[in-house]
Protein chains: 2
Amino acid sequence: MRISAKGRYGLAAMVHLALNYNSGSPITIISISEKMGISKIYLEQVFALLKRGGLVLSMKGSQGGYQLARSPQEISAYDILASIETSMMEPADKTVADTQPHLENAMQELVFSKLDISVKTALTEVSLEDLLQNIESQSSPEQLMYFI
Amino acid sequence: MRISAKGRYGLAAMVHLALNYNSGSPITIISISEKMGISKIYLEQVFALLKRGGLVLSMKGSQGGYQLARSPQEISAYDILASIETSMMEPADKTVADTQPHLENAMQELVFSKLDISVKTALTEVSLEDLLQNIESQSSPEQLMYFI
DNA sequence: ATATATCATACCGAATTAATATGTTTTATT
DNA sequence: AATAAAACATATTAATTCGGTATGATATAT
């Protein structure tokens, strides 16, 4: 299933914020954009969506930056993608211009809403904390020696 | 979640074929397109995809048309949408241009593949037969009197 | 032969997506 | 007060996808 570039960048950026969650201090867009290898100006657009979704706090001005609005356990992949991929998360358009409404109803009930629920459930089940733990697990034990 | 027009038309058209399944005789694109209120030439493109997916049999020439390639119980919504919505069904592109592959791995495992599996499962669980039964159930008992 | 159908490409305009450009506002630091 | 560093806002561009047409070729029952 297709995830847009913004959606993927948003997920990755949120993991970076989560890694920084305990420091208490904000982290800048430009530092994240450098880690991710994308332009600062493009990532700004992603953060605008995350902010609108209430997932991050921002501080303007020098020494400013972004922080998670709540703990990594309390932020799901669904929260993030729902803030960014509006077309993915909006309920399926059912109109099929069919003369029989019974057919449209059946498609809506059995296929489209079922699909919407399934996607929402799957994405709600994974949190930023889960992603952090998975990343940690990949870096240990043998691989730890390859890092500083 | 967004379903393309072709995907919705494909589902509806397959239900029309399913309604005709027991007759043994093929049904034409133009008769379906009239029932659905869309152009014949556009629906032809949808049928080309369904054919490529092995879901329908076609007979060319006069008295030709289309039939289901197998019974309604044996055709799922997944079969249909997978034949049509390639962008929806193809595995998520994971590349996020991040310098840390651990992050990409985590996103892939915990989010993208989980999502792909969830979508596939939900759509595989519903068959054309299920749709037919749902349509029948809507037409009975009181509503039956409104039809010929 | 002819009418009726599938089948195959090519094309077009609109919408969406990915990304850049340009500037403004805010704020810590000096 | 001046400056630098940051978020914030909006417009623009380029590329891709999507929805739909157009044109014609091929096959086949009558």
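Predicted model, so just to flag it, every value in this text is computed and none were measured. Residue numbers start from 1 in every chain, and the chains themselves are labelled A, B, ... in the order their sequence lines are given, proteins ahead of strands.
- Nearer the 5' end of DNA chain D, as judged by each residue's closest nucleotide, is the contact made by A:Gln63, out of A:Gln63 and A:Arg52.
- Proximity of a side-chain donor or acceptor of B:Ser118 to a complementary backbone N or O of A:Ser118 within less than 3.5 Å is detected.
- The salt bridge (Lys or Arg N to Asp or Glu O under 4.0 Å) check on B:Lys60 picks up nothing, with sequence neighbours excluded.
- One atom, CD1 of B:Ile38, and another, C1' of D:dT21, lie 13 Å apart when rounded to the nearest Å.
- Following rounding to the nearest Å, B:Leu50 (CG) and C:dC7 (P) show an atom-to-atom distance of 11 Å.
- Of the candidates C:dT6, D:dA29, D:dA7, the closest approach to any side-chain atom of A:Ile29 belongs to D:dA7.
- For A:Gln73 and A:Ser71, the side-chain atoms include at least one donor-acceptor pair closer than 3.5 Å.
- The separation between A:Ile84 atom CD1 and C:dA18 atom C1' is 14 Å, rounded to whole Å.
- Judged purely by atom type and a 3.5 angstrom limit, A:Ser127 has no side-chain atom pairing as donor or acceptor with the backbone of A:Glu74.
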| remark: Readout for nucleotides 15-20 of chain D: B = base within 4.0 Å of protein heavy atom, S = sugar-phosphate only, - = neither; 5' to 3' it is ---SSB

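- Nearest to the side chain of A:Glu44, among C:dT6, D:dT28, D:dA7, sits D:dA7.
- Rounded to a whole Å, the CD1 atom of B:Ile30 is 10 Å from the C1' atom of C:dT4.
- More than 12 heavy atoms of other residues, nucleotides or ligands lie within 6.0 Å of NZ in B:Lys114, so this atom counts as buried by the packing criterion.
- Considering A:Leu17, A:Leu49, A:Asp79, A:Leu68 as possible partners of A:Leu55, the one that fulfils the side chain to side chain contact (heavy atoms under 4.5 Å, CB included) test is A:Asp79.
- Ranked by how close their nearest DNA chain C nucleotide is to the 5' end, B:Gly64 and A:Thr86 are led by B:Gly64.
- Across all strands, A:Lys40 comes closer than 4.0 Å to no nucleic acid atom at all (heavy-atom distances).
- Checking D:dT30, C:dT27, C:dT6 against the side-chain heavy atoms of A:Lys60 singles out C:dT27 as nearest.
- Side-chain polar atoms of A:Glu85 and A:Ser4 form a donor-acceptor pair below 3.5 angstrom.
- For B:Lys51 and C:dT6, the shortest distance from a side-chain N or O to OP1 or OP2 is not below 4.0 Å.
- Within 4.0 Å (heavy atoms only), A:Tyr66 reaches sugar-phosphate atoms of the nucleic acid but no base atom.
- Phosphate proximity of C:dT2 to B:Ser62: absent, as no side-chain N or O sits under 4.0 Å from OP1 or OP2.
- The phosphate of C:dT4 has neither OP1 nor OP2 within less than 4.0 Å of any side-chain N or O from B:Thr28.
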